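Have a look at the structure below, then the notes.
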Amino acid sequence: MQISIWSWKNTRELLERLDDGRIDFALVEGFFKKSEYDYQKYSEENYIAVCSPDYQFRGNPDRIENLFQERLLLREEGSGTREVLERYLDSQNLSLSDFERTMEAGSLHTIKELTKSGCGITFLYETAVQDELREGTLKRIPLKSFEISHEFNFIWRRGSIYADRYMEIFRRFSS
């Protein structure tokens with residue numbers, strides 16, 4: 001069995017590749033139809049708001065609504081990271097359009113660099129910015145009533161004859 005690693009693809013692209021048979025399995029952060037895929041939970045990660053340490057807010061950044069006047073840096077449509085934020089906002093009767101200014105980037109690295117440079121704020125998984133938080137190049141924005149965590153799942157097409165092999169690969173990655 002040959003294993004190819006596809007990194008930094010968004011969830012939508014990975015699901016399309018699974019469905020087309022171009023890849024056999026994937027590790028996804030985004031939402032997927034659990035009725036169409038077999039899966040194993042890989043981890044659960046905290047989702048947080050971050051900015052540069054010297055970012056100047058226009059108002060008190062204690063609630064998500066108070067961030068609407070800030071520039072929001074976010075991943076492209078189809079990204080699991082973006083979808084988590086969109087679903088949270090929807091659950092609060094809010095949307096991305098409530099932010100006065102948004103900027104999309106197709107790379108997590110680009111978003112982190114723009115955020116570190118003070119170009120705006122963003123929402124990312126804590127694990128994705130743990131080094132920057134520790135080094136002090138990014139800081140967490142302490143929002144009230146904003147506690148989100150989300151699963152990362154190892155998935156493959158439901159009913160695959162290779163399910164046992166995929167489970168073995170999952171066990172190797174998760175140990």
Side-chain angles (χ1 to χ4, degrees), residues 1-50 64 67 71-99 102-115 120-133 138 140-141 143 146-160 162-163 165-174:
M1 172 188 266
Q2 180 182 355
I3 297 177
S4 296
I5 304 296
W6 289 88
S7 62
W8 304 111
K9 298 291 180 190
N10 71 38
T11 299
R12 183 186 309 156
E13 291 172 324
L14 290 170
L15 294 175
E16 287 173 6
R17 289 173 187 259
L18 275 170
D19 294 343
D20 293 346
R22 289 182 281 161
I23 61 173
D24 297 314
F25 55 85
L27 183 62
V28 298
E29 62 170 305
F31 296 89
F32 61 95
K33 292 181 181 177
K34 291 185 175 180
S35 62
E36 295 180 15
Y37 302 91
D38 286 326
Y39 61 94
Q40 290 291 310
K41 179 179 168 182
Y42 181 74
S43 67
E44 187 152 339
E45 304 297 336
N46 291 327
Y47 190 76
I48 63 172
V50 295
I64 196 161
L67 298 178
R71 176 181 288 122
L72 175 64
L73 307 171
L74 69 158
R75 287 285 307 270
E76 78 284 358
E77 204 169 313
S79 159
T81 302
R82 178 180 176 146
E83 189 173 5
V84 170
L85 180 59
E86 288 174 328
R87 287 185 181 223
Y88 171 79
L89 291 170
D90 188 56
S91 75
Q92 304 299 308
N93 295 316
L94 303 168
S95 74
L96 290 177
S97 64
D98 290 322
F99 285 88
T102 60
M103 181 176 161
E104 288 184 18
S107 151
L108 178 64
H109 175 75
T110 301
I111 289 174
K112 291 192 318 184
E113 291 303 312
L114 288 168
T115 306
I121 62 159
T122 194
F123 293 82
L124 298 170
Y125 291 102
E126 188 170 13
T127 190
V129 292
Q130 65 188 4
D131 292 342
E132 292 84 355
L133 293 171
L138 287 177
R140 183 179 190 147
I141 303 169
L143 298 174
F146 187 85
E147 294 179 16
I148 298 176
S149 64
H150 189 70
E151 290 182 0
F152 279 65
N153 288 285
F154 184 83
I155 67 171
W156 60 93
R157 290 295 304 173
R158 182 170 294 278
S160 172
Y162 300 108
R165 288 184 185 174
Y166 303 151
M167 284 298 297
E168 179 58 31
I169 292 167
F170 171 76
R171 283 190 284 276
R172 288 182 188 181
F173 280 127
S174 61

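Because the structure is predicted, anything quoted here is derived from the model rather than measured. Below, each value reflects all heavy atoms present in this structure, side chains not excepted, and no hydrogens, waters or symmetry copies.
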Check: Relative to each other, are the rings of F146 and Y47 parallel, tilted or perpendicular (30° and 60° limits)?
Finding: tilted
Check: Would you say E147 has more than 12 foreign heavy atoms packed within less than 6.0 Å of its CD?
Finding: no
Next item on the list: Say whether, by atom type as modelled, one donor and one acceptor occur between the side chain of R158 and the main chain of S35 under 3.5 angstrom.
Entry: yes
Checklist line | Backbone of E104 reached by a side-chain donor or acceptor of E76 within 3.5 Å | finding: no
Next item on the list: Output the distance between atom CD1 (I64) and atom CG (L85), rounded to the nearest 0.5 Å.
Entry: 5.5 Å
Check: If you measure from CG on L124 to CZ on R82, what distance do you get to the nearest 0.5 Å?
Finding: 13.5 Å
Notebook entry, point to check: Which atom names give the shortest non-hydrogen contact between S95 and L89, and what distance separates them?
Noted result: C-CD1, 3.7 Å
Note to self: Please give me the minimum heavy-atom distance between R140 and V50, naming the atom from each residue.
What the structure shows: CA-CG1, 4.2 Å
Checklist line | Passing option when W156 is tested against I23, D38, I169, D24 for side chain to side chain contact (heavy atoms under 4.5 Å, CB included) | finding: D38
Next item on the list: Apply side-chain contact (heavy atoms from CB on, under 4.5 Å) to the pair F25 and Y162, showing each step before the final yes or no.
Entry: CA-CA 10 Å; F25 55 85; Y162 300 108; over 6 Å; no
Notebook entry, point to check: Are side-chain heavy atoms of Y37 and D19 found at a separation under 4.5 Å?
Noted result: yes
Item checked: For N153 against K41, the heavy-atom pair lying closest together -> OD1-CA, 3.2 Å
Note to self: Testing the basics here: between S149 and E44, what is the closest heavy-atom pair and its distance to 0.1 Å?
What the structure shows: OG-OE2, 2.7 Å
Note to self: Rounded at 0.5 Å granularity, tell me how far CD in E151 sits from CD in Q40.
What the structure shows: 11.0 Å
Checklist line | CZ/F32: more than 12 non-hydrogen atoms of other groups inside 6.0 Å | finding: yes
Check: What's the spacing between R12 CZ and L14 CG if we round to 0.5 Å?
Finding: 12.0 Å
Margin query: With no hydrogens and no angle check, just 3.5 Å: does a side-chain donor-acceptor pair link T11 and E29?
Written below: no
Margin query: Taking the side chain as everything from C-beta on, heavy atoms only, tell me whether L72 gets closer than 4.5 Å to L67.
Written below: no
Note to self: Working to the nearest 0.5 angstrom, can you tell me the gap between F123 CZ and L74 CG?
What the structure shows: 10.0 Å
Next item on the list: Output, in order, the C-alpha distance, side-chain angles, deciding distance and verdict of side-chain contact (heavy atoms from CB on, under 4.5 Å) for V129 and I48.
Entry: CA-CA 10 Å; V129 292; I48 63 172; 4.2 Å; yes
Next item on the list: Evaluate the criterion side-chain contact (heavy atoms from CB on, under 4.5 Å) for residue pair T81 and L108; output intermediate values, then yes/no.
Entry: CA-CA 9 Å; T81 302; L108 178 64; 5.7 Å; no
Check: For the side chain of K112 and the backbone of L138, is there at least one donor-acceptor N/O pair under 3.5 Å apart?
Finding: no
Note to self: Is there a side-chain contact (heavy atoms from CB on, under 4.5 Å) between I148 and V84? Walk through the geometry before answering.
What the structure shows: CA-CA 9 Å; I148 298 176; V84 170; 3.9 Å; yes
Next item on the list: If the plane angle is over 60° it's perpendicular, under 30° parallel, otherwise tilted; pick one for F152 and Y125.
Entry: perpendicular
Check: Do T110 and L73 come close enough that some side-chain heavy atom pair is under 4.5 Å?
Finding: no
Notebook entry, point to check: Thinking salt bridges, do R171 and E168 make one under a 4.0 Å N-O criterion?
Noted result: yes
Notebook entry, point to check: Which value, rounded to the nearest 0.5 Å, describes the distance between L27 atom CG and S43 atom OG?
Noted result: 7.0 Å
Notebook entry, point to check: Would you call E83-R87 a salt bridge at under 4.0 Å N-O?
Noted result: yes
